[in-house]
Amino acid sequence: MCGIVAYVGNREAAPLIIKGLKRLEYRGYDSAGVALLNGDGLKVYKKKGKVVDLENELSGKNLSAKIGIGHTRWATHGEPNDVNAHPHYSQNGRYAIIHNGIIENYASIKQILKNHGYDFKSQTDTEVLVNFIEYIQNTRKSSIEEAVRLALHEIVGAYAIVIIDRENPRQLIAARKGSPLVIGVGEDEYFFASDATPIIEYTKEVIYLDDLEIAIVKDGELTVKNLQNQEIDPDIQTVELELEAIEKGGFDHFMLKEIFEQPRSIADCLRGRLNTDDVLIQLGGLRDYLDKLAKADRIVVVACGTSWHAGLVAEYIFEELARINVEVEYASEFRYRNPIIREGDFVIAISQSGETADTLAAIELAKSKGATIIGVCNVVGSQTKRYHHRRFIP
Ligand code: GLU
């Protein structure tokens with residue numbers, strides 16, 4: 001799940017956005033970026049890696065701005081790198097967008113835009129959306145707000161978006177469908193975020209934007225509309241919860257929250273990897289290995305702790321669906337005995353951090369015995385992931 005933080009008001013936007021992005025780090029991400037609008041124009045800074053990597057990138061820059069948008073990306077379309085990170089400019093540089101979700105019909109819209117002379121710098125579905133909005137605005141000679149509304153009518157997929165406009169230094173436009181977006185309402189200032197945690201330090205008054213609603217903040221005024229262009233009276237709620245309680249999502253314990261979040265986590269994980277037309281799941285890293293995997297004699301899962309439990313679940317599912325023999329081993333046991341591993345075996349190494357020492361050692365051992373290794377982990381850039389890409393999935 002990516003994170004969105006945006007601000008317009010009288011405070012310095014950059015530190016507020018960076019702090020907010022850090023609050024959303026728990027959601028997981030692979031890159032981070034901000035767009036700031038000041039006397040120097042609309043500037044985008046983005047970086048693969050952690051929010052601190054973005055902070056390093058920002059050092060020494062003129063960050064003074066009262067309006068900005070920020071994002072932590074969880075890649076669905078295009079690998080995690082600096083170019084694919086958000087925000088994305090529109091072609092004429094007037095707009096920049098941050099987006100959480102997927103635009104399912106981005107490929108056909110991209111083709112239409114290419115036919116009209118648009119070039120794309122990134123592989124993302126998001127860059128298609130911002131250019132589509134720009135294209136509509138140019139061809140219809142409409143306001144940006146109207147262009148967003150018309151564009152969203154054509155979009156299939158899920159989105160929470162915030163758009164900043166170089167020509168309107170006191171305006172942000174946001175919309176959502178399927179992905180969360182909260183608006184914080186302060187004194188002459190507005191905040192946008194994926195959840196309330198980046199906001200409540202500044203204001204307790206929030207609006208939970210509904211699906212298919214557009215919020216426009218312009219010159220200190222907030223208007224909420226539906227996609228039919230009808231104005232909606234937004235329901236401003238007072239958040240009574242403290243930061244820690246919000247982070248726990250109303251549950252007593254983080255573990256309980258995580259347990260209840262599992263269906264959503266699985267859906268998020270498959271987002272952009274599920275081809276609904278022919279009900280296929282596409283995992284880019286496995287593409288070159290599918291034949292080999294289908295012919296595997298045996299799959300050995302190595303992991304520790306919770307990852308090991310995940311392996312036990314995988315064992316049931318793989319054996320049931322693929323009829324391939326699956327063994328699940330504690331990495332710490334596996335590495336210290338002399339396990340039978342043959343060429344043709346697949347070893348799936350699971351590690352949430354990607355840095356679990358026993359699991360890394362088990363990978364080395366299995367590799368030395370000629371197995372093909374698949375790494376499953378939560379952290380892009382971790383050792384398991386790098387190992388996986390560098391040595392096994394060229
Ligand atoms: N689909 C977009 C991308 O791949 C947004 C992903 C996200 O929600 O972070 O850039």
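Each ligand, and each atom within it, is numbered from 1 in the order the structure gives.
- Residue nearest to atom 2 (C) of ligand 1, selected from Ile161, Asp125, Val128: Asp125 (by heavy-atom distance).
- Using modelled atom types and a 3.5 Å distance limit, the side chains of Asn84 and Gln123 yield a donor-acceptor pair.
- Nearest-heavy-atom check against atom 8 (O) of ligand 1 across Ser122, Ala160, Gly101 picks out Gly101.
- Residue contacts with ligand 1, taken as heavy atom pairs separated by less than 4.0 Å, involve Thr126 solely via side-chain atoms from C-beta onward.
- Taking only nitrogen or oxygen atoms, main chain and side chain alike, His86 reaches within less than 3.5 Å of ligand 1.
- Numbered from 1 in the order shown, with element, the atoms of ligand 1 that lie under 4.0 Å from a heavy atom of Cys2 read 7 (C), 8 (O), 9 (O).
- A side-chain hydrogen bond (donor to acceptor under 3.5 Å, both in side chains) check over residues 159-176, counting only residues at least two apart or in different chains, returns the pairs Arg94-Asp165, Asp165-Asn168, Arg176-Asp211.
- Residues that satisfy the side chain to side chain contact (heavy atoms under 4.5 Å, CB included) test with His153, not counting sequence neighbours, are Arg149, Leu227, Gln228.
- Under 4.0 Å from ligand 1, the heavy atoms of Thr124 that appear belong solely to its side chain.
- Donor-acceptor pairing under 3.5 Å is recorded for the side chains of Ser351 and Thr356.
- Counting only N and O atoms by type, the side chains of Asn338 and Lys369 include a donor and acceptor under 3.5 Å apart.
- In summary, the atoms of ligand 1 found under 4.0 Å from a heavy atom of Arg73, numbered by their order in the structure, are 3 (C), 4 (O), 9 (O), 10 (O).
- Using a 3.5 Å distance cut-off with no hydrogens or angles, the side chains of Ser64 and Asn62 do not pair a donor with an acceptor.
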